[in-house]
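Every chain is numbered from 1 and lettered A, B, ... according to where its sequence line falls, protein lines coming before strand lines.
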Amino acid sequence: MPTLTLSKSDFDKLLGKKTNRDELEELLEYVKGEIDSLNQDELKVDCKETNRPDLWSTEGIIRELKARTGKEKGIKKYAVEKGDIKIYVDKNLEKVRPKSVCAVVKGIKITEELLIQLIQIQEKVCEGFGRKRKEAAMGLYDLDVMTPPLYYKGFKDNEIEFVPLDYKVAMRPSEILLQHDKGKAYAHLLKDVPVYPIIIDSKNVVASMPPIINSNITGKVSEKTKNLFIEVTGSKQDSIETALEVMCMALADRGGKIYSCEVIYEKETIISPKFLTNKITLTKSEIEKVTGLKLSNDEIKDLLEKARYDVQVKGYDFICEYPAYRLDIFQAVDVIEDLLISYGFNKIEPQKIVMNVVGSERADKKYEEFVRAACVGLGLQEIQTFNLTSKEIQCEKMNLPNEIDSFVEISNPVSINYQIMRKRLSPSLLSFLSKNKNQEFPQNIFEVGNCLELNEKAENGVNQKTNLCVALTHSNVNFTEIKSIFVTLCEYLDLKYNFEKITEKEKSNYSFLGQNSIKIKVNGKTGYMGEIDKKVEENFGLKKPVYLFEFEL
Amino acid sequence: MVNYSKKVEEILHLSDSVEIDQIKALSEIERALLINLTEKFIDLDDAANLSKLPIDSARRASAWLAEKKYMNLKENDKETFLLTLEGKKIVKNDFAENIMIKYLEENGDSSFNQLQSNANLTNQEFTVALGINKKKAFISISNGIISLTGVHKEIKQTISKELLSLLTSKSNLTDEEKQLVNEFLKRGLIEKKIISSKEISLTKNGLVAKEFLLKNKVERVYDLEGEVPRIFMGKKAPYLQFLSQIRSKLVALGFNEMPTPLVVSEFYNFDVLFQPQNHPARTWSDTYQLTRPTVSKLPDKKIIDSIRAAHENGGKANSKGWGYKWDENIAKKLMPAAQGTAHSAKTMINDKEMPKKHFAIARVFRPDVLDATHLIEFNQMEGYIVGQDLNFRNLLGMLKEFAIEIAGAEKVKFFPDYYPFTEPSVQLSAKHPDLGWVELGGAGMFRPEILKNIGIDGQAIAWGFGIDRLAMFKLGIKDIRYLFAEDLGYLRKAPAVMLDDVRSYLCQH
């Protein structure tokens, strides 16, 4: 979701109306936009249309609003004059970055506002829509310092060098990738390539190395620039065409004149930009089925034209023509949503669903409720801790060094305090108690929560268990006290239980427990009960003894 | 107020400042303490013993009695010395320097190692003992052999372990003894401790009250409006209590609860939901990835092929699809569930019953830094309704019902929105009487690319709400971390969480 920066006065000027905040909010709904902030003239808008780069500029939003508010309708047509610039694409780029489209826009007065918008379109289109320049990267050049025809060609590292934008010395491609800020940021896109993609003119002046950086000579666009050359490179034809057209439209909306270019491959020649359109047919019954609205043919036509479709009505069919850059249109429902937005979501009367169905809670959740209610009845305070925790708490402090690699583990944690998913609840409860030493004792707490154990055989690689852990702490706490709670609980919930001694061999699996501890089995599922080892209490900084039990529900 | 006859007062010779009401209101522990005291000051501990009260109760009772002017309270600070762990060890075993002398007396000359290990001294003890005995010229060392000089026999009073324990309890110390105490302090064998003791005695009023209590059988009259201590009752965690009620609401609205695994495959989290594999939300910075486990098992080939088709060419959905080569291995990658819709995706594949309503309260994980406004894991209320004739108006109808039933909203507003898996998509805002306009969540109609390719011949309307903000309001907390409170004091004080229907019932009555 791109956040766009606009000039509020520029926006009002292009719209032809001075808007207040409420009006602005309402208008922005048409482009799925939300005001992020408005500080004097600086307006920031979150645009939720992640698949419509044509809306990512002041010009784009205004273009949409003019139709939605009824001032214009249907597809906005852009005239493209035949230009004379040719660019030859070498086939040695086939496996590197094979495709390019270009355009020329002449006669623009580049103001400060426009320049900001141009850079914004370039950046947002390349980052969001172009998947961080991987699928589309755009370059803008001062046409008047270039000597056509142009060549888009791969060079070996030792064959070429140029001064990258904002630098003073000439560098080889490999040096740019290592040293230049942009080079470092996007180096992975040209990792291990046999040749580096370069745009170069007929006087051997380098224009750029897509998708990384322009040269300092041709790549400087300023308020003095009058005629622009625009190129987009990538691997998918429809993506790069969309990116190019989005930029050309914004420039044309500001008074520029678009000229086509010839992109010449070994076996074919492509003229760009094309401003092609596509067609999709909607039936009236389809529209009614999705919207739940009864609309007349004229209403449907009007609503679609407000969303910038050219509509032809044939009986109950609506043949909708739309610009090819609308890559977000996959099928009928996408057009129907556009119709609904024109209609206005808040003008639609909500309709209650009448459905003869019965609801149900999951049995395991119901059982959990019983267990929790019983624990509350036993006078215990329920707590809730995170599933995410640390190796320090689950492993080191628990004196279970062998378990260090037995957790569900996150490879990109934000903090090592939340790097793994817990296997047991006990450490979380001990950690809780360690933070409440200043509270009155006795402290008797419980938690019902999920625990995860690795299991290669499981579909999602884990056993997800729900455990109950009860912990008691005060100066004179003892085994009888914890066992009384356990036995009372089991008898109340009609759970079969028995006890088993912890054998010498098993001791290392229970090294967080002291002498007065035992294994428990509840309805066939395992657990443990007893005193926490003195060393472990010390590790958690606990001053009073703790007795606890934990088992799988 | 009860009127007591003048006669009673006369008989009892009560002084003007003593009120019968107050005497009658004395608690059991106050009475027990009072009748065992006299005008003479005695230690609080002794008073507790005398009146057979636990020391805590005696302390409380004495404070209350002093407040009511029945009792004098005197506090004294006394300097005493307590044995440290080291000191206690010495009282048990003797000083290391004495052990060393004794060993040498019994065994003759000895090497360092021999002496230390046979006399069972730690490194530190050995070093200290060696130093002291050398300084006092009790021993001599040559070629690593320690021998007695015999000087120790000439000194009358060697320092003994009895002396150590004696000095800690003795009150009037001689100068010589004071010097020793200082040495023990320096060696860390004893530590200074200020013990404050309390002494209590009865005031004149107290004596009157005691007399009254002894002469009459006085039943306790309670101060009915007075403060009482609070009980730490067994309680549910406030956030879970809130979620339980949400769950009940949804069940009452006809929804069935879905399973909510914490670890899911990208297949369910993204692919089934028509989120392309190069989608920015699928990157490192937006979702957690796992070191282990890594690879999931996928459902049968038929389902995989239809999802592949959805991405590559739209499959059975009359859609163009995303037009790229879909990679099964990416779909197999496991991750902590990042959106509750992952569970809807799986349920749609496994349960094709129609019409049906599904919901989940799902724990989801996003890479965020934990602070007052962000959690690292949180709950999403999630679900979908599947049926033959569901449309956009039904979607809005359902959202309005939620806003009223669950959030207690007065008004709702809808905004166009975008989600990869729904079209049309909508965002719901609700006006809450206390909170104002609140963004409740997103919803939409599942895309045909999803339904048709899974094999659902109908419509499905889906929704996902982040309910933390509502929960924070209901819990009356400003810091979102308190949903997972680690503060026992807060949990003990937190009142019951009630949804609006219970609240308004309480207001009516």
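Looking at B:K235, both its backbone and its side chain come within 4.5 Å of chain A, counting heavy atoms on both sides. Both the backbone and the side chain of B:L290 come within contact range of chain A, each with at least one heavy atom under 4.5 Å from a heavy atom of that chain. Looking at A:L380, only its backbone comes within 4.5 Å of chain B, counting heavy atoms on both sides. Proximity to chain A (any heavy atom under 4.5 Å) is shown, for B:R492, by both the backbone and the side chain. Residue contact with chain A, scored on non-hydrogen atoms closer than 4.5 Å, involves the side chain of B:L375 exclusively. For a residue to count as touching a neighbouring chain, one of its non-hydrogen atoms must lie under 4.5 Å from one of that chain's; by this rule A:D364 does not touch chain B. When heavy atoms are compared at a cutoff of 4.5 Å, B:Y324 does not approach chain A at all. Only the side chain of A:L454 comes within contact range of chain B, with at least one heavy atom under 4.5 Å from a heavy atom of that chain. Heavy atoms of B:F414 lying under 4.5 Å from chain A belong to its backbone as well as its side chain. With a threshold of 4.5 angstrom between heavy atoms, B:M335 does not approach chain A through any atom at all. Neither the backbone nor the side chain of A:E447 comes within contact range of chain B, judged by heavy atoms closer than 4.5 Å. Only the backbone of A:A458 comes within less than 4.5 Å of a heavy atom of chain B; no side-chain atom from C-beta onward does. Interface remark: A:K134 contributes no atoms to any contact with chain B (heavy atom separation under 4.5 Å). Contacts between A:N356 and chain B at a heavy-atom distance below 4.5 Å are absent for every atom of the residue. At a 4.5 Å heavy-atom cutoff, the contact between A:F446 and chain B is made by side-chain atoms alone. Only the side chain of A:Q464 comes within contact range of chain B, with heavy atoms under 4.5 Å apart. Using a 4.5 Å cut-off between heavy atoms, B:D487 contacts chain A through both its backbone and its side chain. Residue B:I231: no heavy atom, backbone or side chain, is found under 4.5 Å from chain A. Contacts of A:K437 with chain B are absent, with no heavy-atom separation under 4.5 Å from either backbone or side chain. A:N436 touches chain B through its side chain: at least one heavy atom from C-beta onward sits under 4.5 Å away, while N, CA, C and O do not. In this structure, the portions of B:E377 lying under 4.5 Å from any heavy atom of chain A include both its backbone and its side chain. Interface residue B:Y268: only side-chain heavy atoms are found under 4.5 Å from chain A. Neither the backbone nor the side chain of A:E127 comes within contact range of chain B, judged by heavy atoms closer than 4.5 Å. For chain A, the nearby parts of B:E423 are the backbone and the side chain; heavy atoms of each come within less than 4.5 Å. With a 4.5 Å cut-off on non-hydrogen atoms, B:A252 does not touch chain A at all. Interface remark: B:R292 contributes backbone and side-chain atoms alike to the contact with chain A (heavy atom separation under 4.5 Å). For a residue to count as touching a neighbouring chain, one of its non-hydrogen atoms must lie under 4.5 Å from one of that chain's; by this rule A:R362 touches chain B with backbone and side chain alike.
No other option in B:H358, B:Q427, B:K332, B:Q241 has as many heavy-atom pairs under 4.5 Å with chain A as B:Q427. Put simply, of A:I280, A:L433, A:N51, the one with the most heavy-atom pairs under 4.5 Å next to chain B is A:N51. Most heavy-atom pairs under 4.5 Å with chain A: of the set B:P424, B:P416, B:S296, this distinction falls to B:P416. Heavy-atom pairs under 4.5 Å with chain B peak, among A:N438, A:N387, A:L378, at A:N387. Between chain B and the residues A:I383, A:T385, A:D405, A:L452, the most heavy-atom pairs under 4.5 angstrom are made by A:D405. Comparing A:I348, A:N417, A:V31 by heavy-atom pairs within less than 4.5 Å of chain B, the highest count is held by A:I348. Per-residue heavy-atom pair counts under 4.5 Å with chain B were compared for A:L327, A:I336, A:I445, and the maximum is reached by A:L327. Highest contact tally toward chain B, considering only A:I341, A:I329, A:V408, is held by A:V408 [criterion: heavy-atom pairs under 4.5 Å].
Between the CZ atom of B:F392 and the CD1 atom of B:I461 there is a distance of 10.0 Å, given to the nearest 0.5 Å. Atom CZ of B:F274 sits about 13.5 Å away from atom CZ of B:F446, to the nearest 0.5 Å. Distance check, rounded to the nearest 0.5 Å: CE of B:M354 to CD of B:Q388 gives 4.0 Å. Rounding to the nearest 0.5 angstrom, the gap separating the CZ atom in B:R393 from the CG atom in A:L293 is 6.5 Å.
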Run the side chain to side chain donor-acceptor pair (under 3.5 Å) test on A:E369 and B:S244 for me, step by step, so that the C-alpha distance in whole Å, both residues' side-chain angles and the decisive distance to 0.1 Å come before the verdict. CA-CA 9 Å; A:E369 292 286 341; B:S244 294; 3.0 Å; yes

I'd like to know whether B:W437 forms a ring pair (Phe, Tyr, Trp, His ring centres under 6.0 Å) with B:F415, so could you lay out the CA-CA distance, the side-chain angles of the two residues, the decisive distance to 0.1 Å, and finally the verdict. CA-CA 13 Å; B:W437 285 101; B:F415 298 91; 8.0 Å; no

Run the side-chain contact (heavy atoms from CB on, under 4.5 Å) check on A:M421 and A:V462 step by step: do they pass? CA-CA 11 Å; A:M421 299 271 211; A:V462 295; over 6 Å; no

With side chain to side chain donor-acceptor pair (under 3.5 Å) as the test, would you mind laying out the steps for A:Q351 and B:N394 before giving the verdict? CA-CA 5 Å; A:Q351 189 179 49; B:N394 295 139; 3.2 Å; yes

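Contact detail for B:S429 and B:E439: the closest heavy-atom pair is OG-CA, 3.8 Å.
Remark: B:K320 is positioned above the aromatic ring of A:F330, its terminal NZ or CZ atom under 6.0 angstrom from the ring centre and at most 45 degrees off the axis. Taking the ring axis of B:Y418 as reference, the NZ or CZ atom of A:K48 does not stay both within 45° of it and closer than 6.0 Å to the ring centre.
Although no hydrogens or angles enter the test, the distance criterion places a donor-acceptor pair under 3.5 Å between the side chain of A:R422 and the main chain of A:N450. Under the 3.5 Å distance criterion, the side-chain polar atoms of A:K132 are left unmatched by any main-chain donor or acceptor of A:C126. Although no hydrogens or angles enter the test, the distance criterion places no donor-acceptor pair under 3.5 Å between the side chain of A:D46 and the main chain of A:M1. Side-chain atoms of A:Q419 never come within 3.5 Å of backbone atoms of A:S415 as a donor-acceptor pair (strictly under, hydrogens ignored).
Residue A:Q237 places its CD atom among more than 12 non-hydrogen atoms of other residues, nucleotides or ligands, all under 6.0 Å distant.
Taking the six-membered ring for Trp and the full ring otherwise, the centers of B:W463 and B:F402 sit less than 6.0 Å from each other.
In this structure, the side chains of B:L262 and B:F365 come closer than 4.5 Å at one or more pairs of heavy atoms. Side-chain contact between B:S425 and B:Y419: present, with at least one pair of heavy atoms (C-beta onward) separated by less than 4.5 Å. The shortest distance between side-chain heavy atoms of B:N318 and B:K452 does not fall below 4.5 Å.
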